[in-house]
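What follows is a set of notes on a single structure, which appears directly below.
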Amino acid sequence: MTGPGRVVVIGGGVVGASVAYHLTRLGVRDVTLLERRSLTCGTTWHAAGLIGRLRGTRTACRLVDDSAELYARLPEETGQATGWKRCGSLVVARTPERLHQLRRYVALGQAAGIDAHIVSAGEAGRRWPLIRTDDLAGAMVVPDDGRVIPADVTQALAVGARAGGAIVRENVTVTRVRVRAGAVSGVETSAGTIACETVVNCGGMWARTLAQRNGIVVPVWPVEHFYAVTRPMDGVTPDLPVLRDLDACVYVREEVGGLLFGGFEPRAKPWLADPIPDDFAFALLKEDWDQFEVLMRGAAERIPALESAEIQLLLNGPESFTPDGNFVLGEAPGLRGYFVAAGFNSGGIAGAGGAGRALAEWIAGGAPTLDLTAYDPRRFLPRHAEPAFLIERMRELVGLHYAIAWPNREPVTGRGLLRSPLHERLAAGGACFGTRMGWERASWFAPAGVEPRTEYAFGRQNWHPHAAREHRAARESVALFDQTSFGKLTVEGPDAQAHLNRLAANDLNVPVGRTVYTPLLNERGGYESDLTITRLAPERWFVVTGSAQRVRDADWIRRHLPAGGRVRVIDETEAWATLGLMGPRARDVLGRATDADLGNAAFPYGSAQKIVVAGAVVRALRVSYAGELGWEIYAPVAEAGAVWDALTRAGDVTPAGYYALDALRIEKGYRAWGRELTPDDTPLEAGLGFTVRWDKPGGFIGRDALVAQRARGVSRRLLLFALEEPEAVAWGDETIWRDGRVAGVLTSAAHGHTVGCPVAMGYVACEPGAAAASLLAARYEIDIAGTRVPATAALHAWHDPKGERLRA
Ligand SMILES: Cc1cc2nc3c(=O)[nH]c(=O)nc-3n(C[C@H](O)[C@H](O)[C@H](O)COP(=O)(O)OP(=O)(O)OC[C@H]3O[C@@H](n4cnc5c(N)ncnc54)[C@H](O)[C@@H]3O)c2cc1C
């Protein structure tokens with residue numbers, strides 16, 4: 001490993017300061033932080049400084065935990081105060097649904113090591129005497145939450161970075177990042193050029209346009225973000241916990257004897273400055289009382305004394321948000337040495353400590369040390385950074401921050417970026433659409449007379465019976481899925497096989513016409529991807545990957561190319577439609593639309609052929625994510641409609657959506673990338689050791705780590721669960737209890753319509769090398785919002801464990 005060389009951090013907000021600080025702590029000596037005006041002058045200086053630890057995922061919780069721990073110790077380390085105050089927080093619920101969500105948070109906290117508990121409305125009132133409680137369903141207390149003074153945190157980080165050898169320069173603007181041979185070679189600045197091998201774009205709301213100059217997608221957009229501050233009020237004491245009334249979209253904290261309250265309006269107001277003025281520093285936007293009205297009203301409903309309080313300030317500052325509300329954190333695709341840390345969605349103060357550390361570890365060590373895929377810059381397409389899309393999405397996105405996090409919640413704005421050629425047919429068939437990586441995809445189909453609209457709930461949602469029908473069709477008859485959003489890459493050239501075989505843990509040394517299911521692993525033996533690779537010709541491979549992974553996987557394959565490697569990687573996602581024909585009758589139906597021999601001998605499981613369907617030459621792969629006899633048919637986009645029509649004409653084929661497919665695959669024990677398979681999970685932990693060819697010539701990336709893990713035994717293991725209450729509803733992030741103690745968190749869950757109960761998967765901790773029998777003999781329960789539901793654990797699939805139906 002060569003190390004990061006000289007690192008230039010662009011931007012002196014809390015995030016840039018944290019990255020610089022952590023780089024020096026990790027021993028990176030040559031670090032320069034450049035700030036166009038003064039430290040904190042962008043967004044950081046006016047933030048409210050709340051540090052809330054309970055987030056939607058364990059990684060997110062961990063990043064904030066790291067921040068809180070850092071902000072508490074920085075004063076002693078640097079001599080500079082941070083204003084850290086462990087005041088705790090109180091989150092009130094107005095409705096049973098909100099309380100349900102808080103109970104889910106408490107359960108997640110148990111798995112993440114964060115203390116949180118539910119209290120009654122009366123107890124909430126005792127902890128926050130100024131609030132009205134008669135309309136509350138209950139509340140959640142998080143004792144270790146706190147607050148800081150953001151500008152002080154930033155200064156402390158800068159002091160620490162300087163002490164570690166970093167150079168911090170203000171009044172220097174980076175105008176362009178220089179590139180040589182696909183890698184960063186320097187930065188051009190208002191004070192001359194600086195050679196460097198690594199840059200970190202921490203440019204806040206300026207990050208998008210700066211990145212664009214190098215063709216890098218950083219979809220962030222500033223939104224007008226408000227809080228008000230009152231004059232001192234009776235009954236307000238400095239030790240009040242931070243109050244959040246999520247149903248009213250507001251947070252409230254003490255500020256010099258008065259209250260500071262702000263929030264997340266259901267319909268937000270993007271700042272329509274493009275470009276952002278160069279001279280914008282320590283600046284604010286215009287007061288807008290109309291926009292603030294909804295927050296003012298919500299806060300006053302909760303704290304009646306606010307009606308008569310004197311407001312001394314309405315602050316409106318810009319904050320950058322991203323299309324999905326997650327940070328953009330990581331190395332950008334296609335340009336070695338270009339890192340990004342931007343788009344903090346009003347959580348930059350809470351997130352900066354942990355995010356800065358995670359990114360610095362990545363830069364210093366050459367690879368991420370934990371699963372950061374939720375923040376991956378490669379989860380976006382160029383069109384996600386288009387102003388029209390961003391502006392539209394921002395109006396909705398901000399409000400989702402405090403909205404109930406319904407399972408399956410889909411945004412309603414910025415839709416329709418990518419449409420399958422089958423879209424109109426799906427819509428005519430009653431599809432209710434969801435979105436993934438810009439694509440519109442059928443989630444489920446409404447029969448005649450039913451509106452194709454999901455009604456959100458934590459219990460069974462309205463599509464349950466319709467997805468059940470699709471599910472049964474795939475198991476008992478035949479279903480047709482439009483899987484066009486799959487990522488599709490062609491990898492070709494004289495060195496393609498050798499190159500792919502070094503990345504794949506399975507063996508790609510197979511005859512033309514074979515499809516191989518394989519992990520792509522990192523050096524830690526963790527999943528970078530999980531996909532199928534088909535040999536189309538001696539030097540040509542067809543890589544099919546998940547919808548969300550196309551940019552990431554193409555980047556992974558390209559960035560590991562050896563110098564001079566004769567390999568081309570072409571993203572052909574939009575060129576091919578994918579039709580998944582799945583079910584025991586798939587052979588009969590496809591057989592009526594083609595003359596090809598579909599018998600087991602001529603077309604066995606795991607093989608691929610060119611066949612003609614409805615006059616179109618298509619690629620048919622005999623694979624199935626539903627776990628049934630079936631084919632994925634790759635048709636040129638222009639001919640996809642004709643193929644769909646031919647298949648549906650061939651007899652009683654049920655169009656089916658992604659909700660059914662998800663349940664089918666969980667019942668069949670098929671792991672999904674991003675859920676069961678992440679950069680932190682290995683094939684041995686996931687129970688997919690059969691996909692690893694340990695001794696293939698030349699080895700593969702991740703082999704050493706796997707060999708070591710095999711020798712010591714795994715200390716966590718993926719189990720499959722069947723819940724013992726058929727009516728229970730799990731969504732996939734519930735806590736797993738074993739013999740009365742927390743053992744892990746579910747990664748996926750759905751109702752298994754074939755087995756007749758909820759089915760799920762999740763990792764549990766275990767003694768290295770623990771016998772499977774002892775693991776399975778334990779007593780398992782799944783915590784669904786505070787109610788523990790008994791569950792049976794297994795290592796094998798609940799449906800067709802031997803795969804006989806797949807090979808039928
Ligand atoms: C009203 C309000 C309340 C908030 N409350 C909270 C809260 O309670 N808790 C919380 O966690 N978060 C909160 N936030 C969000 C938080 O302030 C931000 O997420 C965080 O400050 C972002 O930090 P940053 O370093 O990414 O951006 P910034 O602070 O904007 O820093 C980016 C810096 O990059 C510099 N820069 C840009 N381009 C260049 C260039 N080309 N060359 C050199 N320098 C460049 C800019 O001058 C700027 O200083 C709040 C935000 C607002 C607006």
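Reckoned from all heavy atoms, side chains included, excluding hydrogens, waters and symmetry mates. Both counts, for ligands and for their atoms, begin at 1 and track the order of listing.
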Decide whether an N or O pair under 3.5 Å exists between [X] and ligand 1.
X    : value
W206 : no
A47  : no
G16  : no
A350 : yes
G351 : no
L50  : yes

query: Are R336 and E197 close enough, and set up right, to give a salt bridge (Lys or Arg N to Asp or Glu O under 4.0 Å), and what steps lead you there?
result: CA-CA 9 Å; R336 199 174 287 259; E197 288 71 37; over 6 Å; no

Taking only heavy atoms of [X], which atoms of ligand 1 are found under 4.0 Å from at least one of them?
X    : value
G317 : 53 (C)
G347 : 10 (C), 11 (O), 12 (N)
G11  : 33 (C), 34 (O), 35 (C), 44 (N)
E319 : 15 (C), 16 (C), 18 (C), 19 (O), 53 (C)
V172 : 43 (C)
C41  : 47 (O), 49 (O)
V14  : 23 (O), 25 (O)
L34  : 43 (C), 44 (N)

Could you tell me whether [X] and [Y] make a salt bridge, using a distance below 4.0 angstrom between a side-chain N and a carboxylate O?
X    : Y    : result
E301 : R94  : yes
R379 : D324 : yes
D30  : R6   : yes

task: Could you walk me through whether W271 and F280 pass the ring-ring contact (aromatic ring centres under 6.0 Å, His included) test, one step at a time?
output: CA-CA 13 Å; W271 186 28; F280 195 86; 5.0 Å; yes

Please write down residue, atom name and distance for the protein heavy atom closest to [atom].
atom                    : answer
atom 30 (O) of ligand 1 : T43 N, 2.9 Å
atom 33 (C) of ligand 1 : E35 OE1, 3.6 Å
atom 2 (C) of ligand 1  : H225 CD2, 3.4 Å
atom 13 (C) of ligand 1 : S346 O, 3.5 Å
atom 3 (C) of ligand 1  : A48 N, 3.6 Å
atom 25 (O) of ligand 1 : V15 N, 3.1 Å
atom 32 (C) of ligand 1 : C202 O, 3.4 Å
atom 23 (O) of ligand 1 : T44 OG1, 3.4 Å

query: Hey, does R37 sit under 4.0 Å from ligand 1 if you only count heavy atoms?
result: no

field: Proximity flag G262 to ligand 1, non-hydrogen atoms under 4.0 Å
entry: no

query: How are the rings of W45 and F282 set relative to one another: parallel (under 30°), tilted (30 to 60°) or perpendicular (over 60°)?
result: perpendicular

task: Would you please classify the geometry between the H225 ring and the F264 ring as parallel, tilted or perpendicular, with 30° and 60° separating the classes?
output: tilted

W221 six-ring centre to R208 NZ/CZ under 6.0 Å and within 45° of normal: no

- request: Taking the six-membered ring for Trp and the full ring for Phe, Tyr or His, determine whether the centres of F327 and F321 are under 6.0 Å apart.
  value: no

field: Option set L33, V174, D278, V242, criterion heavy-atom distance to atom 41 (N) of ligand 1, minimum
entry: V174

field: CA sep, side-chain torsions, deciding dist, call: E255, R253, salt bridge (Lys or Arg N to Asp or Glu O under 4.0 Å)
entry: CA-CA 6 Å; E255 172 80 2; R253 72 160 171 81; 2.6 Å; yes

Residue pair R302 / D245: nearest heavy atoms and the distance that separates them: NE-OD2, 2.8 Å

